[in-house]
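Letters go in sequence order (proteins before strands), and every chain restarts at 1. Both backbone and side-chain heavy atoms feed into the values below; hydrogens, waters and symmetry mates do not.
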Number of protein chains: 2
Amino acid sequence: MSRYSKLPAAFAGAIGLAAALTAAPITASADDAPITLKTMGSFHIGGRLVEISGRPVKEIVLNAGGVPARIDPNGRYQVEQMYVQYFIPQNERGAAPLLMWHGGGLTGVTYESTPDGREGWLNYFLRAGWAVYNSAAVERGRAGCAQYPDIFTTEPVFLPVANPFERFRIGMGAGSYADDPDKRRVPEGAQFPVEAYGNFVKQIVPRWTSTDAAITAAYLAEVDKVCPCVILFHSQAGQFAFNVAQARPDKIKALVAVEPAAVGDPAKVDALKGIPILIVYGDYIPLDSRWPKMHQNGVDFADKIKAAGGSVDIVELPKIGIRGNSHMLMMDKNNLEVAAVIQKWLADKGLVR
Amino acid sequence: MSRYSKLPAAFAGAIGLAAALTAAPITASADDAPITLKTMGSFHIGGRLVEISGRPVKEIVLNAGGVPARIDPNGRYQVEQMYVQYFIPQNERGAAPLLMWHGGGLTGVTYESTPDGREGWLNYFLRAGWAVYNSAAVERGRAGCAQYPDIFTTEPVFLPVANPFERFRIGMGAGSYADDPDKRRVPEGAQFPVEAYGNFVKQIVPRWTSTDAAITAAYLAEVDKVCPCVILFHSQAGQFAFNVAQARPDKIKALVAVEPAAVGDPAKVDALKGIPILIVYGDYIPLDSRWPKMHQNGVDFADKIKAAGGSVDIVELPKIGIRGNSHMLMMDKNNLEVAAVIQKWLADKGLVR
């Protein structure tokens with residue numbers, strides 16, 4: 001019996017999750033089975049060409065001991081594309097590709113290995129037979145970023161190492177971080193691998209506050225290329241995924257919102273009524289200064305979708321006996337147990353072959 | 001017979017490549033065989049913590065409709081780490097892991113799919129059984145970048161779309177690019193998939209000219225973690241790989257320099273004398289304004305290594321009948337033919353099981 005089939009007994013009691021009562025076991029590869037891919041690869045998509053003019057030409061030595069290269073900053077630039085890395089299993093068992101969209105200040109690395117070196121959700125869903133498209137949004141990681149102030153109109157925001165610790169419910173909120181690891185205050189029973197927090201902060205990349213429209217446009221281009229699909233998204237991507245689904249409802253087989261920090265357009269909930277939606281929240285929400293409000297925003301949005309005739313299941317993990325999860329559920333020590341909740345929901349929605 | 005075994009008849013005539021005369025056929029998976037991985041994942045490595053102080057606190061709405069977050073720019077920052085994504089085949093056939101290091105303004109995307117969607121060298125060497133560690137250097141892609149001017153002391157350099165076309169021997173040098181694809185001047189017989197040039201420029205990320213020491217330090221950390229290994233490196237990474245090999249000669253089984261734009265320390269060639277080295281150059285070098293000098297730098301460095309008792313094979317691809325290659329050999333239409341030259345050399349050096 002693989003760890004993929006372990007679900008807490010209390011799971012059946014999840015609020016709004018009547019479908020979970022079906023007794024079919026979750027089947028997926030055992031831990032030590034190979035990941036067998038038909039192919040894998042990557043592409044960039046979206047973006048636009050912009051012109052810059054009137055700037056002086058520079059001569060720059062790009063490599064120590066190299067020959068100076070003439071860099072003319074005038075001309076056309078390619079900006080605002082996004083990056084997508086895909087993995088296609090030899091035996092696909094997902095009913096459609098699974099797109100993974102990361103949160104703010106992060107990249108697709110979110111879903112790869114955990115900071116303490118365990119397998120992440122990318123491997124889990126690949127081993128379960130999903131074709132996975134893991135990406136980096138406009139401005140981030142392998143997507144590249146554009147010039148400030150010429151193209152991005154705001155400057156990049158860099159996060160000090162204390163910030164995610166206090167804001168992602170890894171620690172106990174404001175003031176809980178300390179440079180000395182022994183003095184950091186962590187909630188009792190916390191699942192985040194806090195001993196590897198130093199590896200987690202290495203994943204953080206700069207973000208901009210003026211790029212939402214560009215990010216949404218590139219995600220739309222990805223959906224138009226790859227979908228019909230299921231989109232699994234985290235945190236900041238809540239706004240992008242719900243907005244994109246509202247623009248392309250016919251292309252979305254299901255939405256899995258992992259702690260969405262923002263939602264879609266409340267005036268367009270009608271567009272979502274044919275899409276099965278799962279929203280998952282971790283633990284410690286009342287302990288945080290911002291999460292009670294963001295959580296309520298998600299619940300309110302779900303209520304509007306349901307009032308329009310849609311189907312939304314909200315799983316509060318502590319209420320089904322899965323305790324200790326931070327905002328970074330996919331990295332927590334019980335990350336595969338949380339993934340199994342999602343996999344079971346997808347199976348119950350008929351999306352696993 | 002798979003495409004991996006196709007080598008030009010003239011191959012045996014390559015300068016300095018006597019070892020290639022051995023007749024053992026190259027064996028690797030057929031094109032349509034699956035890529036079977038024991039596991040895959042990623043990690044960040046290297047870097048340092050720095051302090052910033054005396055800056056004002058900001059309140060920033062990070063997500064449209066979200067709750068403002070307090071961003072205190074003072075404090076500790078994690079900077080100058082690098083990113084490594086690894087793929088471990090179920091049946092390893094390389095004698096050691098193969099590290100792939102990209103060139104300037106680029107990331108590990110270099111070795112993934114080609115701009116026109118074919119399989120790149122990452123898949124080729126995985127299918128041939130190598131454990132591959134594909135990375136992004138400090139400052140780039142999923143490695144993240146640091147603040148200017150607080151941490152990086154120079155501003156980022158962004159490349160206009162014309163620049164790589166004219167500088168990477170994709171076109172005919174300065175003035176050969178035009179916004180209208182039909183008016184771009186390309187050498188006769190060119191192998192770069194020029195119709196997909198627009199996809200290639202989407203891969204380009206900003207670079208800095210003040211980060212060489214930080215990049216080298218992180219590569220050293222990667223080598224200390226992963227090696228003994230073979231390092232395959234491109235363009236700007238020439239300086240990093242040769243310098244790292246000079247610092248850790250006992251950890252390097254072989255070096256494969258793909259059009260190195262810079263080299264190591266000529267005063268330390270002695271350190272390289274026990275490491276088999278292959279240097280590969282493409283076509284059109286005399287047509288370019290900078291490449292004759294950079295090519296000569298590579299040949300001179302190789303001569304110094306050989307004078308110290310080392311072993312360097314230089315393959316000028318046109319001289320073994322492989323014509324039309326740009327600086328981006330791993331993306332050219334004959335990219336797998338070039339990869340097969342490298343794979344054969346590695347096999348001849350006893351590094352393929």
Chain A contact via [X] - which portion, at a heavy-atom distance below 4.5 Å:
X	answer
Glu166(B)	neither
Pro156(B)	neither
Ala146(B)	backbone
Ser42(B)	both
Leu122(B)	side chain
Phe200(B)	neither
Ile45(B)	backbone
Phe240(B)	neither

Separation between [atom1] of [X] and [atom2] of [Y], rounded to the nearest 0.5 Å:
X	Y	atom1	atom2	answer
Asn199(B)	His44(A)	CG	NE2	9.5 Å
Leu37(B)	Thr36(A)	CG	OG1	7.5 Å
Asp150(B)	Phe158(A)	CG	CZ	8.5 Å

Original post:
Side chain, backbone, both or neither: which part of Tyr86(A) has a non-hydrogen atom closer than 4.5 Å to chain B?
Top reply: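 Only the side chain of Tyr86(A) comes within 4.5 Å of chain B.
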Subject >> Part of Glu80(A) lying under 4.5 Å from any heavy atom of chain B >> reply: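 No part of it gets close to chain B.
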Original post:
Taking every heavy-atom pair that is under 4.5 Å apart, which of Gln90(B), Arg118(B), Gln147(B) has the most such pairs with chain A?
Top reply: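 Highest number of pairs under 4.5 Å: Gln147(B).
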Among [options], who wins on heavy-atom pairs under 4.5 Å with chain B?
options	result
Cys145(A), Gly105(A), Gly75(A)	Cys145(A)
Gly198(A), Pro160(A), Gly41(A), Ser113(A)	Pro160(A)
Ile88(A), Asp179(A), Val205(A)	Asp179(A)

Original post:
Any Lys/Arg nitrogen of Arg142(B) or Glu112(A) sitting under 4.0 Å from an Asp/Glu carboxylate oxygen of the other?
Top reply: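 Looking at Glu112(A) together with Arg142(B), the answer is yes, because their closest N to O distance falls below 4.0 Å.
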Original post:
Does Met40(A) offer a backbone N or O that forms a donor-acceptor pair with the side chain of Asn123(B) under 3.5 Å?
Top reply: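 At least one qualifying donor-acceptor pair exists.
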**OP:** Verify, without hydrogens or angle tests, whether Lys202(B) (side chain) and Phe43(A) (backbone) share a donor-acceptor contact under 3.5 angstrom.
**Re:**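 Checking the backbone N and O of Phe43(A) against the side chain of Lys202(B), no donor-acceptor pair under 3.5 Å is found.
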Original post:
Under a 4.5 Å cut-off applied to non-hydrogen side-chain atoms, are Val109(A) and Gln85(B) in contact?
Top reply: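 Answer no - side chains too far apart.
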**OP:** Test Ile204(A) against Gln78(B) for side-chain contact (heavy atoms from CB on, under 4.5 Å), laying out the working first.
**Re:** CA-CA 9 Å; Ile204(A) 295 168; Gln78(B) 170 66 45; over 6 Å; no
Subject >> Pair Thr39(A)-Arg127(B), side-chain contact (heavy atoms from CB on, under 4.5 Å): steps then yes or no >> reply: CA-CA 10 Å; Thr39(A) 190; Arg127(B) 289 184 188 279; 4.2 Å; yes
Subject >> Closest approach of Phe87(A) to Phe87(B) (non-hydrogen atoms, all atoms of both residues) >> reply: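 Smallest heavy-atom distance, with atoms named: CE2-CE2, 3.8 Å.
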